[in-house]
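Below is one structure, written out as C-alpha cells, with a few remarks after it.
Any value given below was found using the heavy atoms of this structure, including those in side chains, with hydrogens, waters and symmetry copies removed. Labels below follow one simple rule: chain letters A, B, ... track the order of the sequence lines, proteins then strands, and each chain is numbered from 1.
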There are 2 protein chains.
Amino acid sequence: MLTERQLFLLQVLVDDYILSAEPIGSRSISKREDIHFSPATIRNELADLEEMGFLEKTHLSSGRIPSEKGYRFYVDHLLSPILLSDDEMRNIRKAYTERYYEAEKLIETTAQILSDFTNCTAIVLGPELLDTKLKHIQMIRLSENRAVLIIVTDTGHVENRVVALPDEVNGSEIERMVNILNERLIGVPLYQLKVRLQQEIHAVLNEHIHHYERMMIEIEHALSVNGPDQIYYGGKNNILSQPEFRDINKVIPLLNVLEKKDLIHGLLRSPKSGIQIKIGKENKLVAIEDCSVITTTYSVDSEHVGTVAVIGPKRMAYPRVVTLLDIISKSLTNNLNSNY
Amino acid sequence: MLTERQLFLLQVLVDDYILSAEPIGSRSISKREDIHFSPATIRNELADLEEMGFLEKTHLSSGRIPSEKGYRFYVDHLLSPILLSDDEMRNIRKAYTERYYEAEKLIETTAQILSDFTNCTAIVLGPELLDTKLKHIQMIRLSENRAVLIIVTDTGHVENRVVALPDEVNGSEIERMVNILNERLIGVPLYQLKVRLQQEIHAVLNEHIHHYERMMIEIEHALSVNGPDQIYYGGKNNILSQPEFRDINKVIPLLNVLEKKDLIHGLLRSPKSGIQIKIGKENKLVAIEDCSVITTTYSVDSEHVGTVAVIGPKRMAYPRVVTLLDIISKSLTNNLNSNY
DNA sequence: ATTAGCACTCGTTAACAAGGAGTGCTAACA
DNA sequence: TGTTAGCACTCCTTGTTAACGAGTGCTAAT
C-alpha cells in the first residue's frame, strides 16, 4: 500500500523526530544527502501519509510528528535492529563482570545498566516465586510467645515471618509440628502450599498435636502471604529529563503509577515471551498514555520467570532500546542460570 | 532584641507565607482583625526585620518572605505546637488499628500515614541492625555446591545469602561448622560478628574441620554484608505538588537524592534523639537546599534504633508536621514494643 | 510613635508587529 | 504524469509597548 518512497520518508521522519523531539518539516528532510527530491514533493508525500493516519501536525502549519499508528507501523515494519559499538558492548559486559552473590543484586544491577544505556526507566520484575518449590521450613523461637517462621525455596529464596505462639503450645510440640510440615511439604510448589496445608496437614496434626488450631492460623497466614513479586527499578527519574515531560503535571501521575506495585505488575506481566512493544494508549493506563513500554522475559532453567521492561516517551529510540533489551535480558538469563 | 510586635509580625508573616506560598505585603497583614495598626507601621517593622536578616524580598517592591534565618527563629522561638482535631486523631489511630504481622509492614504503614497527613515526603530508616544480637545461624543446602546461609537476630529479623560450597567440603563438615558457629556466636551483636569470626572461630575451625578456608571466605562475606539498613518511603512524590517545585529542573536533583540510599542515610541518621529540624542550606546537600528536613527517632526497648523523617519545602507547615511527627513516631515506638 | 499620602519599582498581562518555519495549492516543467 | 518553483496563508515565537496592580520607602502631618 505504501510506496517505497513513503516507507523511506516515514522512517526518516520517525528517526529524525526521535532525535530532535521537534516537528519535522519538508525542508529539513530535503536537506539530507540521501534525498534527491524537493521539499514540495516531500510535502505531497507527507500529506498523503498524514491522510493515511501515520502522521500528525501540532498545528495547521507545523511540521509533522508520528501518530501512534505511525509509531506502530514503524515498529512493526521499519525497525532495523542497530549494532552497538564495540565500545558499548564492552561497557555492558564490564558491568556484568562482578560476581554477584545474590540474584537480587544481579537483577538490581541489570535494571541499573538498562536504564543507564537507554536513558529511560528500567523495571525488572523479580522471578515468579509461586513456581518455585519448598525446600525447607524452619521455626526459630525468639521468645516465650514469638517465633520466626522461615521458608526456603529450591532457588535459595528465603521468606520469613514472625508469628505469635499461643500460650498452650509447648516447645516439643512446635518441633514435632515443623517436622511434620517438612515431611509433608518439601517439594511442593509455593502456590499449592495453602491448599495442601488445609487438605492434608490439618488431619495429620490433629492426630499428633494438641491445640494446634491457633498455631495453624498463624502459619497459614505466614505461608499464604508469599507476596507479590519484587520490583526492581533503574533510572526511575531518567524520564524526567525528556522534553515531553517538562510539564510537572504530566510527571506526577506517571511517577505515581511507578510507585504502585500492583499497577506495574498488571502493566508488565505478560504471558508471551519475546520482545513486546506497547505504544501510548495501547497501554491501558491513562497516566502512561504518552509513554511506550517495551518488555521481554528472562528465564531460569528455560522457564520464563520474570519480565524486563523499559518505559520511556513514545518518542523512544526503539531500535536501540530493542537491541539493548534483547542483549541485557539474555545476559541476565545467562548469569542467573550459570550462578544460581 | 525583638519587640513583642516584631515577634508577632514575624510569626504572622511566616504563618501566612506557609499557607499562601506568596510574598506577604503590609496591606494583607493589616487586614487581619487582630492587628490594630496601619500598613505603614507594618512596613516600618518589616523593613527592620528585613534589616536584621529575618525577611527577604523577591524584588525591590515585592512583599516579604522569610529568610532561612527567619525560619530558624520561627522554629526556635515561635513554634506553637498545634492541636490536631479529634477527627484527625481518630484517623491516625484508625490507620494503626490493623495488626501487623511484620515490623516491616508496620514501618511501611507509618511512612505512608506520615506522608498522607503532612503532604510531604516521609522517610523511615529501618531499625539499626548492628545492635541486634545473633539468635541463630543455619545453612540449608540447595544443591551440590550451593547453600543458603540464614541468620536470625533476636528481634526476629532474618538475613540470608546464597553461598557457594567448595567441592572439598562435605555435608557432615558443614553441619559441624554450623554447630560451632552457633555455639560460639549466639548472643553476639551483629557488628561484632566479623571480628569474632576472625579472632576466635578460625582457630576452632582449624582444629575440627579440613579445608575450611574457602568456606570461611564465603561465610565472612555473607556475615559482613549486613547491608545498610532498609529505607522506607511514603509519598515520594508529594513534594512535586508544592508550588516551589513547579520547575522540573528543581525536582530532578531532589528525586535523585531520594534514590541514593547512602545520601539519605547520611542526611537523616542522627546521634541525638528528639525532634530535629534542618532548614534549607543547613542540610549539607545542594540538591535539597530548598527543603527542610524534620527528623526524630523511634525506639525498641528504650534504645533509639531508627529515624523517622519528613522532607518538604522550607515553607513547611512546621507546627503541624512537628506535632504529627511526634505523635506518629511515638505510635510507632509503642506498636513496635508491644508487638515484637 | 503612628499614619496618610505619594512617588517609585517591579512583575504581570494584553495587544500588537515582525520574522520565521512550515503548509497547501497552482501552474509550469521534464 | 510525476516533480518542482512560487506564492499566499497559518501559526508559533519573539520583542516591544502600555497599562495596571501590588507593594515599598520616604516625608510630613498627626
Separation of atom [atom1] in [X] from atom [atom2] in [N], rounded to whole Å:
X: B:Ile29; N: D:dA22; atom1: CD1; atom2: C1'; answer: 14 Å
X: B:Asp16; N: D:dG23; atom1: CG; atom2: P; answer: 12 Å
X: B:His59; N: C:dC8; atom1: NE2; atom2: C1'; answer: 12 Å
X: B:Glu22; N: C:dG11; atom1: CD; atom2: P; answer: 14 Å
X: B:Asn44; N: D:dG25; atom1: CG; atom2: P; answer: 8 Å
X: A:Gln6; N: D:dT3; atom1: CD; atom2: P; answer: 11 Å

For [X] and [Y], test the side chains for any donor-to-acceptor distance below 3.5 angstrom and give the result as yes or no.
X: B:Ser270; Y: B:Gln276; answer: yes
X: B:Tyr232; Y: B:Thr110; answer: no
X: B:Tyr233; Y: B:Ser115; answer: no

Return the nearest nucleotide to the side chain of [X]; candidates are [options].
X: A:Arg27; options: D:dG25, C:dG22, D:dT24; answer: C:dG22
X: B:Glu50; options: C:dT3, D:dG25, C:dG24; answer: D:dG25
X: A:Ser26; options: D:dT10, C:dT23, C:dG11; answer: C:dT23

Can you give the donor-acceptor pairs under 3.5 Å from side chains of residues 49-58 of chain B to other protein atoms, not counting sequence neighbours?
unit_1  : atom_1 : unit_2  : atom_2 : d
B:Glu50 : OE1    : B:Arg64 : NE     : 3.1
B:Glu50 : OE1    : B:Arg64 : NH2    : 2.8
B:Lys57 : NZ     : B:Leu60 : O      : 3.3
B:Thr58 : OG1    : B:Ser62 : OG     : 3.1

Do A:Ser61 and C:dT23 share a donor-acceptor pair, side chain to base, under 3.5 Å?
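A donor-acceptor contact between them is absent.
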Distance (rounded to the nearest 0.5 Å) between A:Asp247 CG and B:Arg246 CZ
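Interatomic distance, A:Asp247 CG to B:Arg246 CZ, rounded to 0.5 Å: 11.0 Å.
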side-chain N/O [X] vs [N] OP1/OP2, d < 4.0 Å:
X: A:Lys57; N: C:dA21; result: no
X: B:Arg64; N: D:dT24; result: yes
X: A:Lys31; N: C:dA21; result: no

Under the 6.0 Å and 45° cation-pi test, does A:Arg5 pair with A:Phe37?
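Checked: cation-pi criterion met.
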Looking at residues 34-43 of chain B, who's got a heavy atom less than 4.0 Å off DNA chain D?
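Those residues are B:Arg43.
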